[in-house]
Asker: 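My questions all concern the structure below.
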Amino acid sequence: MKKITAIILLFIASTFSSFAEEGMLIPSLISAFEDDMKAMGMKLSADDIYSVNHSSLKDAILHFGGGCTAELVSSQGLLLTNHHCGYSQIQSHSSLENDYLKYGFWAKNKSEEKKNPGLTAARVVRIQDVTASVFQGMEGLSQSEKLLKMQENVNALIKDAMAGNEYSADIKPFNYGNDFYMIVKETFRDVRLVGTPPNSIGKFGGDTDNWVWPRHTGDFSVFRVYANASNEPSDISDSNVPYKPLHFLPVSVKNRVPGEFTMVYGFPGSTEQHLTSENLRYIIDQERPARIKMRDKSLGVINAGMRSSDLIRIQYSSKQARIANGWKKWIGQIGGLKTVDAIQIKLDREKRFNDMAATKPEWQEAYGSVINELNKLVVKYKDADFGYSMAIEYLYVGPEVFKQARNLNKFLKNYEAMEIAGTLDAEIDKQIKGAKGFFKNYDAAVDKEIFLLLTEEYVKQVGNGPLPARLKNTSAQVLADKIFKKSILTDEARFIKFMNKLKAKSFKKLKKKDLGFIVWSESNDNFRENVLPDVRTYRGAKDQLLKTYVKGKMEMFPDDKHWPDANSTMRITYGKLEGSAPHDGMAYTEHTTIDGIIAKNNSDNPDFDVLPRMRELAKKKDYGDYAQDGELWVCFSGSNHTTGGNSGSPVIDAEGNLMGLNFDRTWESTMSDFMFDASRCRNIAVDVRYVLWVMDRYSGAKHLVDEMVLVK
Ligand code: ARG
Ligand code: GLU
């Protein structure tokens with residue numbers, strides 16, 4: 001008897017240890033995982049994490065600017081998020097006289113905190129399963145009537161939820177439309193900048209270290225949420241007061257113990273865990289490599305330009321970071337998926353699914369062919385999907401002359417309307433102002449080279465089709481020479497001259513003669529007319545099949561851990577503070593220290609530049625109360641399943657205290673958007689003790705630390 005129990009326990013333990021960390025769970029359903037979380041060391045109850053009856057952890061976690069996560073850490077609305085999440089606000093307040101990027105910024109009191117028009121932070125009021133209500137009254141309706149009825153149901157639910165309050169409500173499909181949840185939110189519109197470390201801390205390691213462990217980035221910035229006198233969201237106003245949160249996170253300055261429980265609570269953007277083997281094969285073998293190649297080329301040009309001149313370095317630094325972020329992630333993804341042989345894993349899982357379906361006639365009927373159909377669909381629409389991806393890379397990520405063409409086209413489309421309304425002159429002035437902003441960060445020689453290389457590569461990848469027919473025999477070099485010599489899109493003076501003389505006649509001429517505009521508009525037409533419709537059909541059909549596939553997984557394998565793909569809604573993921581050993585013969589420890597900052601700084605790489613103060617404090621070992629065993633931790637890694645959007649998310653300990661701010665994943669684990677591998681997938685966080693140290697010892701902003709509740 002004992003022996004059998006032991007074997008069962010061992011079995012349970014082994015399934016849990018390999019699956020426990022996967023998944024981005026819906027907070028309102030977290031009670032289903034409470035036992036598992038407690039077995040991993042959590043001391044909280046499901047009710048402490050999410051409740052609609054009293055305040056809970058969820059009330060401290062806000063969706064920041066719609067794309068990142070942030071957490072409240074004081075009774076006065078103090079808010080922490082990543083440096084890279086607050087970057088555009090930080091940049092907008094910086095100037096040559098007040099160079100916050102280079103030296104940081106700390107408001108000495110609330111009156112110095114800086115307002116940020118357009119910036120929001122949203123609290124989730126409640127998450128409600130409305131699947132039954134969305135599907136109500138469908139009996140006997142045709143397919144198109146059903147869709148109308150569904151829309152009607154959705155509208156009614158939203159109207160109801162918003163009646164008599166200031167909240168907003170949204171209904172989103174989960175599991176490809178098997179489930180629907182209503183998210184009710186309270187969105188704060190006055191969010192002020194309180195402080196930021198210099199780039200040499202907040203961006204330490206730059207692109208060299210992006211997606212990489214070991215990491216030493218102090219990726220945090222500090223904001224404060226303001227509300228009106230009734231503690232409700234309000235437009236920016238001097239009469240607003242600091243928001244009093246329903247809950248804020250206490251901050252843990254306790255020693256960390258490898259293996260201890262960690263939970264990440266935030267707003268992950270998107271994952272694709274259910275793609276079938278054929279789809280993954282297409283991504284690994286064709287789609288990602290081609291996109292990477294396009295970016296190899298543009299990055300090659302941009303990097304060389306940035307090395308050659310300080311002006312180009314400043315002009316292109318944020319564009320470069322944006323292009324490189326995806327590029328580097330994809331290289332990591334392909335590497336990881338190949339290393340674990342993800343396609344074979346998918347094939348094995350598909351066989352298991354089909355075998356199970358074959359055990360019951362009704363399963364066979366409902367699910368027996370869905371994988372085959374999905375795989376066939378991928379093959380059928382491969383070219384369309386590929387054309388789409390390449391057009392995105394060429395027309396949207398590629399040469400910026402196309403961005404200028406897109407802007408101009410939007411303007412010209414409304415030409416007549418503006419003429420009639422008498423707003424044309426004012427709009428022309430706006431265009432000129434916009435163009436000045438554009439050309440300020442533009443180097444025509446860099447863009448010409450990008451245009452040349454990407455046009456060649458694009459034609460090589462998708463054929464001549466997308467280019468204007470009459471230019472088929474013109475080489476990319478000749479096109480580039482002409483466009484960058486003559487087009488109004490590639491030169492500020494030409495553009496402004498054109499705008500100042502603009503008449504209906506002149507833009508007809510532009511459409512016929514300006515090669516830059518012609519290449520863009522005909523490639524763009526081709527994209528809209530020949531690529532997009534197929535891609536829409538493909539995605540619709542694929543989502544429909546994925547809906548069946550996911551339903552089959554849930555019905556036939558009720559004991560597997562099921563979780564809906566990320567969709568920018570609030571989720572919880574849990575795991576442990578732990579390192580990894582993603583390569584044979586190499587192990588990553590779970591934390592880094594300030595010593596690593598100094599070691600990296602000893603190289604010549606400007607990504608590792610620091611201000612003198614960092615070396616001074618490190619030399620003195622002036623760690624304040626923030627050290628552990630004589631070391632100042634900077635970053636740590638954990639086995640929490642995260643993705644883009646989780647930036648700024650709190651890493652929370654077993655008792656609900658803040659341990660750190662999530663900001664990245666290790667390179668080897670970026671595959672987790674498609675497949676989570678518990679042995680290699682790790683998120684990266686900045687330790688909140690380093691955050692406190694930077695505020696207190698490095699920056700002299702101890703008053704902010706004093707505002708928080710520290711747990712020793
Ligand atoms: N890789 C992180 C994310 O996906 C950080 C990006 C910002 N940092 C950078 N060096 N580009 O958002
Ligand atoms: N840096 C990402 C973000 O901005 C998080 C990293 C990831 O993709 O896991 O959301």
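Note that ligands are numbered from 1 as they come in the structure, with each ligand's atoms numbered from 1 the same way.
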Asker: With a 3.5 Å distance limit and no angle check, can you tell me whether Arg680 reaches the backbone of Glu668 through a side-chain donor-acceptor pair?
Answerer: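 Looks like yes, one N/O pair under 3.5 Å.
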Asker: Check whether Thr573 reaches the backbone of Asn640 with its side chain - one donor and one acceptor, N or O, closer than 3.5 Å.
Answerer: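 Judged by distance alone, no pair lies under 3.5 Å.
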Asker: Measuring from each atom of ligand 1, which residues have a heavy atom under 4.0 Å away?
Answerer: His84, Gly206, Asp207, Asn210, Trp211, Asn325, Phe663, Asp664
Asker: Identify, for atom 6 (C) of ligand 2, the protein heavy atom at the shortest distance, and state residue, atom and that distance.
Answerer: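 I find the closest protein heavy atom is Asp664 CA, 3.6 Å.
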Asker: Under a 4.0 Å heavy-atom limit, does Phe267 contact ligand 2 with its side chain, its backbone, both, or neither?
Answerer: neither
Asker: Look at atom 5 (C) of ligand 2 and find which of Ser647, Ser669, Cys68 reaches it with the closest heavy atom.
Answerer: Ser647
Asker: Can you see whether Tyr574 engages Asp36 through a side-chain donor-acceptor pair at a distance of less than 3.5 angstrom?
Answerer: yes
Asker: Here's a test for you: under side chain to side chain contact (heavy atoms under 4.5 Å, CB included), which of Asn646, Thr642, Thr262 qualifies with Val651?
Answerer: Thr262
Asker: Taking atom types as modelled, is there a side-chain donor on Asp607 or Thr208 under 3.5 Å from an acceptor on the other?
Answerer: yes
Asker: Could you check whether Tyr176 and Asp565, counting side-chain N and O atoms only, form a donor-acceptor pair closer than 3.5 Å?
Answerer: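 Yes.
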Asker: Within a distance under 4.0 Å of any heavy atom of Trp211, pick out the atoms of ligand 2 and give their elements.
Answerer: 6 (C), 7 (C), 8 (O)
Asker: Ring centres under 6.0 Å, that's the criterion: do Phe220 and Tyr690 meet it?
Answerer: no
Asker: Which residue and non-hydrogen atom of the protein lie closest to atom 9 (O) of ligand 2, and at what distance in Å?
Answerer: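 It is Arg665 NE, 2.6 Å.
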Asker: With Tyr181 as reference, evaluate Leu29, Asp170, Thr569 under the side chain to side chain contact (heavy atoms under 4.5 Å, CB included) test and give the passing residue.
Answerer: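 So, applying the side chain to side chain contact (heavy atoms under 4.5 Å, CB included) to Tyr181 and each of Leu29, Asp170, Thr569, only Leu29 qualifies.
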Asker: Would the distance check show the side chain of Asp664 and the main-chain N or O of Ile684 forming a donor-acceptor pair, the cut-off being under 3.5 Å?
Answerer: no
Asker: Numbering the atoms of ligand 2 from 1, which are under 4.0 Å from a heavy atom of Gly645?
Answerer: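 Those qualifying, in numeric order: 3 (C), 10 (O).
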Asker: Which ligand 2 atoms are under 4.0 Å away from a heavy-atom of His84?
Answerer: 1 (N), 3 (C), 4 (O)
Asker: How far apart are the C-alpha atoms of His63 and Phe267, what are their side-chain angles, what is the distance that settles it, and do they pass the ring pair (Phe, Tyr, Trp, His ring centres under 6.0 Å) test?
Answerer: CA-CA 7 Å; His63 204 182; Phe267 295 84; 4.1 Å; yes
Asker: With heavy atoms of Asn646 as the reference, note each atom of ligand 2 found under 4.0 Å away.
Answerer: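 Contacts of ligand 2 toward Asn646, numbered from 1: 10 (O).
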